[in-house]
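First the structure, in the form of C-alpha cells, and then the observations on it.
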Amino acid sequence: MSDKQNHTPKVRPEKIASKEEAGEAVEKLREAIRFHDYRYYVLNEPVISDRKYDELFQVLNDLEQQWDLVVPDSPTQKVAGEPMQELGTVRHTTPMMSLKAVYNEAGVRDFARTCRRQLGLDKVEYVVEPKYDGLSIELVYEDGRLVLAATRGDGERGEDVTANVRTIGEVPLSLLKRQDEKMPSRLVIRGEIYMRIDEFNTLNRRREQEGSRPFANPRNAAAGSVRQLDPRITKQRPLHLFLYELPEYEGRSLKTHWETLQIMLEWGLPVNRQMQYLVAGVDEALEHYDQLVRARDDMNFEIDGMVVKVNDLEDRSKLGARSRDPRWAIAYKFEPRRDTTRVRDIIVNVGRTGALTPVALLDPVNIGGVEVSRASLHNLSQVEEKDIRIGDTVEVERAGDVIPYVVRSLKEQRDNSQKRFTMPEHCPACGGEVFISRDRKNVRCTNVDCPAQLKERLQHFASRQALDIEGLGGKRARQLVDMGFVKSLPDLYMLSKDDLLQLPGYADKSATNLLAEIKEAKSITLERFIYALGIPLLGSHMTQVLAFHFKDLDALKNAGTEELQQINEVGPEVARSVVSFFSEEKNQRALQAMYEAGLRLENPLYSGGGGERPLQGLKFVFTGSLERWTRDQAKELVERYGGRATSAVSGETDYVVTGPGSGSKLDQARTHHVAILNENDFVSLLLERGVPL
Ligand code: IVH
C-alpha cells in the first residue's frame, strides 16, 4: 500500500448528499481500516490510536447503514453471524497433504541427500520454519476477497468454517493491493490457526470458574473454537494464525518459497517472518533446529518441530509427492512429550468448585524429564468417548505448562482384565448427590457443605462480588473450616467472638470488626446472594439475568426447568443446574438456617416497583449496546415500570436510547425530532422518575 494514501480520511457524513458520494467515502474508509487492521493485527505496529480507529469505524458503519451500502467483505461485517445447523463439507481443489516426520539429524540428512540426487544438484536451498501445533486451515480468496475457509479434514474434504474464520482479527476479509499487480483472481492459502499459551491459560481459568470443561491443550482449544456451529462463540476466543503455503496462485509466476512468503505478507496476510530462515544447505538448516529447541520453552505458542522446505518452486514440482506427503519438505519433530503406560486405577477428585474429575493413576513413566504418575482425564464424557478403562495401556502427553493428560487408549493391547470406569452416584468426599450434565462433561457434587469444597465455597461466599466480607479471605476461610467452627455455610452467621479469638492472629478488635461485617452482610441483594451460593454454571452475568427475572428467592427456588428456559440467555444446562441445586435437601436446610440466622434478601429491581408505573405512557427505542444492561434487559425494565419499548422509531417515540454501535435509528430519531439519550441520560431519567435501580 502506498504511503501517499490517506490513512485517516476526513469524511463528513452530514455533507454527503448522494449515494455516489457516500460510496466513494465508504471505499476510502474501508481501505484505511484494512490498512490499520494490517498494521495492528499483522505487523503489531498500529499507527493510530484505538480511539481514532473506532471513530473511522463508526463513521463507516453509519454511512453503510444510512446509504444502504453494506457488503459482505466490509470490515464492519467482521462480526459473528447466526449459528449454523452443521458445518458443511468442501472438497479441496489441491489435496491438503501431511508432512513426513523424522526424529533425528540422520533423517533430515537422508531427506537432503534424496533432494540433491533427484535434482542433480550439489547444494539445495531450503527455507526452515517452525512446525506449528495448531489446526491446519485453508483460505480461498477470489478477486482479493475471502470466500472460503476450510479445515483439513481427511485431506480431500474438509469442513466449511468460513463464518467462524471470518471472526478472527488476523484474517483479512480483503487482501491489500500490491502496487505492481492486479488482484489475482483466485488464491488458495494454507496455514495454521493456534492459540497463545497465556491466552489459553486465561481462557481455561475462566471456563473453570464458569463451570465449563477446560480444554486439554492450546491445540484442542483452537480446534474446538474454530469447529463451532455458532460463530459468535469463535469470535470470543483468542485465535491467531500463521500462513505458510500458497498452493494455488493464478498470478505472475513465482520462483521461490521465500519470495512467496514476502508476497503473502504484502497482501496483508499474517506470515511469521521472524522465524523463517532461508538457508544454503542442510548443515545450516540443522543449526536452526538447535536454536529452535532452545527457544521453544520461552515461546508463547506451541510448536512441535521444524519444517524444512525446498525453496525453489520448480525444484518442488520436479521432486513431486508420495501418496500422502510431498518429497520437497520434511518435518523434523521435537522429542515427543508423549509416552505410553498402564492405567492402574481411575479415581475421582473433588475439585474446589465441586467438580468431580476422573484422574488416572499410572505406572510411573518419564516424559521429557518429568516422572508422571497421574494424569487428568478431564471429564466423564472424555473417559467414555475415548473408552479409557482401568488396566488399559494409554498414551500420555505432557505439553509445556499444561498438566499431563491421557490422549488415547491402545485398544489392541487389551486382554480381558480391563474394567470400565463408572462415575459414583454420590460424592466420594461427602456422600452428597452428584449432578451429571446431559452431555456428561459436567459432574458436580451439589451439596453446599461438602467438606472438600467448603473452604473454597466459604471464600467465594465472602468474596467481593458476593457478601463482600473484607476480613474473610482464603486463609481465614481455611482456618474456620479446619478448626471446625464452620461446618456449613450458615455457621458463618452464627460465629461468636469467643470462636474467633481462638483462631491464630485474631485480637479483640479484628474479631469485633469481622463480626460487624458478617452482621452487615445479612442484608444483601438477591443478585449478590445467588452469586454467593456458587451454583454450578452460574457466573456473575447469569446471576444478574436471574435476579432481573425473579422477584425473590422463593420465585427462583420454585421455578422449573421450563420456566427458567423461557428466560433469554438461560439454556437447558443452566436451568437443570439451578433446579438440581434447590432440590437438594441439604441446600434447602442451609437456606432455612440462614434465614433463621437473620438473612434478609432484597431485590432493588423490584422493591417499590410493585404495581407502580412511573414510566406509564412513554415509548422507548434502544439502539447500539449499553453497558449496564443488554438491550433485552433494558426493554424488560422499561416495560416492567409501565413504559413501552418498540423497535421502530416513529413520531410516537418519546426517547431513542443510544449506545456504541447504534445504527440508522439515530438518523430516524433526528428526522422525527425524537429526544436522543445516551446511557447516562437514560439512567438519570429512570432515577428522576423513581425507578429503583
Ligand atoms: S507445510 C504439504 N509448514 O503440519 C505440506 N505445515 O504434518 C504442507 N504444519 O497439515 C504443509 N507448521 O497443518 C507446513 N510451517 C509449516 C507447518 C505445517 C505446521 C502442519 C500442517 C500440516 C501438518 C503436516
Side-chain angles (χ1 to χ4, degrees), residues 92-103 107-108 111 115 126-140 149-159 161 165 170 187-196 217-220 222-223 226-227 239-249 254 256-258 260-262 264-265 269-279 285 288-289 291-293 295-296 299-313 315-334 336 338 399:
H92 301 296
T93 44
T94 308
M96 283 178 88
M97 297 211 264
S98 50
L99 289 168
K100 183 171 174 221
V102 295
Y103 292 89
V108 183
F111 158 77
C115 288
Y126 301 100
V127 173
V128 295
E129 45 194 50
K131 186 169 187 307
Y132 307 104
D133 197 8
L135 169 78
S136 41
I137 193 80
E138 168 171 289
L139 304 179
V140 181
T151 62
R152 177 169 185 272
D154 63 3
E156 299 288 334
R157 288 160 163 279
E159 282 164 322
V161 287
V165 169
E170 286 170 6
L187 292 172
V188 175
I189 302 164
R190 300 214 175 127
E192 204 86 357
I193 295 185
Y194 66 96
M195 200 174 278
R196 292 185 183 148
N217 55 36
R219 185 194 48 226
N220 285 9
V226 171
R227 298 178 61 248
L239 295 170
H240 304 272
L241 82 163
F242 285 128
L243 296 168
Y244 45 64
E245 283 294 324
L246 180 61
E248 291 178 39
Y249 173 32
L254 288 167
T256 65
H257 181 53
W258 193 245
T260 310
L261 294 168
Q262 186 55 38
M264 283 164 60
L265 194 74
L269 295 166
V271 179
N272 189 8
R273 285 311 253 167
Q274 290 81 5
M275 298 188 74
Q276 291 160 333
Y277 301 93
L278 178 62
V279 298
H288 283 286
Y289 182 80
Q291 203 183 316
L292 208 54
V293 170
R296 182 186 186 190
M299 284 164 54
N300 199 9
F301 51 87
E302 294 199 330
I303 60 175
D304 58 352
M306 178 176 86
V307 186
V308 183
K309 301 174 173 178
V310 169
N311 185 37
D312 189 290
L313 299 180
D315 286 350
R316 283 191 181 186
S317 343
K318 281 189 208 148
L319 288 164
R322 287 172 288 262
S323 67
R324 288 188 58 245
D325 37 56
R327 287 199 183 83
W328 46 261
I330 198 149
Y332 183 3
K333 299 279 290 262
F334 293 143
R338 276 182 184 208

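Atoms within each ligand, like the ligands themselves, are counted from 1 in listed order. Sequential numbering from 1 along the given sequence is applied to the chain's residues.
Under a 4.0 angstrom heavy-atom cut-off, Ser98 registers as being in contact with ligand 1.
In terms of polar-atom proximity, defined here as any N/O pair under 3.5 Å, Lys131 does make such a contact with ligand 1. At least one N/O-N/O distance between Glu192 and ligand 1 falls below 3.5 Å. The shortest N/O to N/O separation between Trp328 and ligand 1 does not fall below 3.5 Å.
Proximity of Pro130 to Phe242: side-chain heavy atoms (C-beta onward) are nowhere separated by under 4.5 Å. In this structure, the side chains of Ile303 and Lys131 stay at 4.5 Å or more apart for every pair of heavy atoms. With a 4.5 Å cut-off on side-chain heavy atoms, Arg322 and Arg327 count as touching. Side-chain atoms of Thr94 and Glu245, non-hydrogen and from C-beta on, never get closer than 4.5 Å to each other.
Within the 6.0 Å centre-distance limit, the rings of Phe334 and Tyr289 are counted as a close aromatic pair. Ring centroid separation for the pair Phe111 and Tyr332 does not come in under the 6.0 Å cut-off.
The environment of CZ in Arg273 is crowded: more than 12 heavy-atom neighbours from other residues, nucleotides or ligands sit within 6.0 Å.
In terms of protein heavy atoms, atom 3 (N) of ligand 1 is closest to Lys309 NZ, 2.9 Å.
When the options Tyr244, Tyr132, Phe242 are ranked by their closest heavy atom to atom 18 (C) of ligand 1, first place goes to Tyr244.
Near Pro130, meaning under 4.0 Å from one of its heavy atoms, ligand 1 places the atoms 12 (N), 15 (N), 16 (C). Counting the atoms of ligand 1 from 1 in the order shown, those under 4.0 Å from a heavy atom of Glu129 are 3 (N), 15 (N), 16 (C). Interface atoms of ligand 1 facing Pro326, defined by a heavy-atom separation under 4.0 Å, are 2 (C).
The proximity of Arg190 to ligand 1, defined as any non-hydrogen pair under 4.0 Å, does not occur for either the backbone or the side chain. Under 4.0 angstrom from ligand 1, the non-hydrogen atoms of Leu99 come from both its backbone and its side chain.
Between Asp133 and Arg219 there is a salt bridge, since at least one side-chain N of the basic residue sits less than 4.0 Å from a carboxylate O of the acidic one.
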